[in-house]
Each structure stands twice: as structure tokens, then as C-alpha cells.
Amino acid sequence: MPSIRCTVDNCHYWHQGNTCNASEILVTSDSFGQTAADSVDAPQAANLNTTPVNTCLDTCCKTFVTKGSGQIRADGVTRNPL
Ligand code: SF4
């Protein structure tokens, strides 16, 4: 998996040096991200419809989950061992 850099340090998967430590992530359109259930994430990506957008401002990381949130296990994404 390519290295993913991220500055969203209140995410459960964020790690020092602005690194994403998730096993996989789902980048999608804002409109899909706002309407899909928390359980829909990277593990289901192969079966999702594509979601074209116009600019980077229309995309989001669907895998984001707030540190300490009760939703950490909602989607099957895990943290890579350090
Ligand atoms: S899951 Fe998304 S928001 Fe969270 S650290 Fe990784 S890239 Fe950033």
C-alpha cells in the first residue's frame, strides 16, 4: 500500500509525522461520504459505485473516525502495527 500522509491529527488512524496508519482507507466524494453508513468503508470498496468529482474540494476520507470514538470498529478497518 502506498504511504499516505495526512494532517488530520484527531483521527484514530493518524500517527506522528503526519502518517496514516490505517490498514486501508476509502477516499470518496463528499456527497457519498455524507450519506453512506459508518459501516461502509474500504473493505467494501470493490463493490461500490464510482463517484466522480470536479475538484479535490469535493473529496473526503471516509475512513476518518475521531480518536476515542465508539465507531472505531464499525467498518472493518484496522490500525497497522507500529
Ligand atoms: S484514516 Fe483518513 S483522516 Fe484518518 S489519518 Fe488516515 S487519511 Fe487521515
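Start at 1 and go down the list; that is how both ligands and their atoms are numbered. In this chain, residues are counted from 1 in sequence order.
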Inset, instruction - In sequence, state the C-alpha distance, the side-chain angles, and the governing distance for Thr28 and Cys60, and then conclude on side chain to side chain contact (heavy atoms under 4.5 Å, CB included). - result: CA-CA 6 Å; Thr28 188; Cys60 68; 4.0 Å; yes
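With respect to atom 2 (Fe) of ligand 1, the closest heavy atom belonging to the protein is Cys61 SG, 2.3 Å. Scanning the protein heavy atoms around atom 4 (Fe) of ligand 1, the nearest turns out to be Cys11 SG, 2.3 Å. The single protein non-hydrogen atom nearest to atom 6 (Fe) of ligand 1 is Cys20 SG, 2.3 Å, given as residue, atom name and distance. Atom 8 (Fe) of ligand 1 has as its closest protein heavy atom Cys6 SG, 2.2 Å.
Close approach of ligand 1 to Trp14 (heavy-atom distance below 4.0 Å) involves ligand atoms 5 (S).
Defined by atom type and a distance below 3.5 Å, a donor-acceptor pair is present between the side-chain atoms of Thr63 and Asp41.
Side-chain contact between Arg5 and Thr19: present, with at least one pair of heavy atoms (C-beta onward) separated by less than 4.5 Å.
Residue His12 forms a side chain to side chain contact (heavy atoms under 4.5 Å, CB included) with just one option from Val77, Val65, Thr66, and that option is Val65. Between Phe64 and the options Leu26, Ile25, Asn10, a side chain to side chain contact (heavy atoms under 4.5 Å, CB included) holds for only Asn10.
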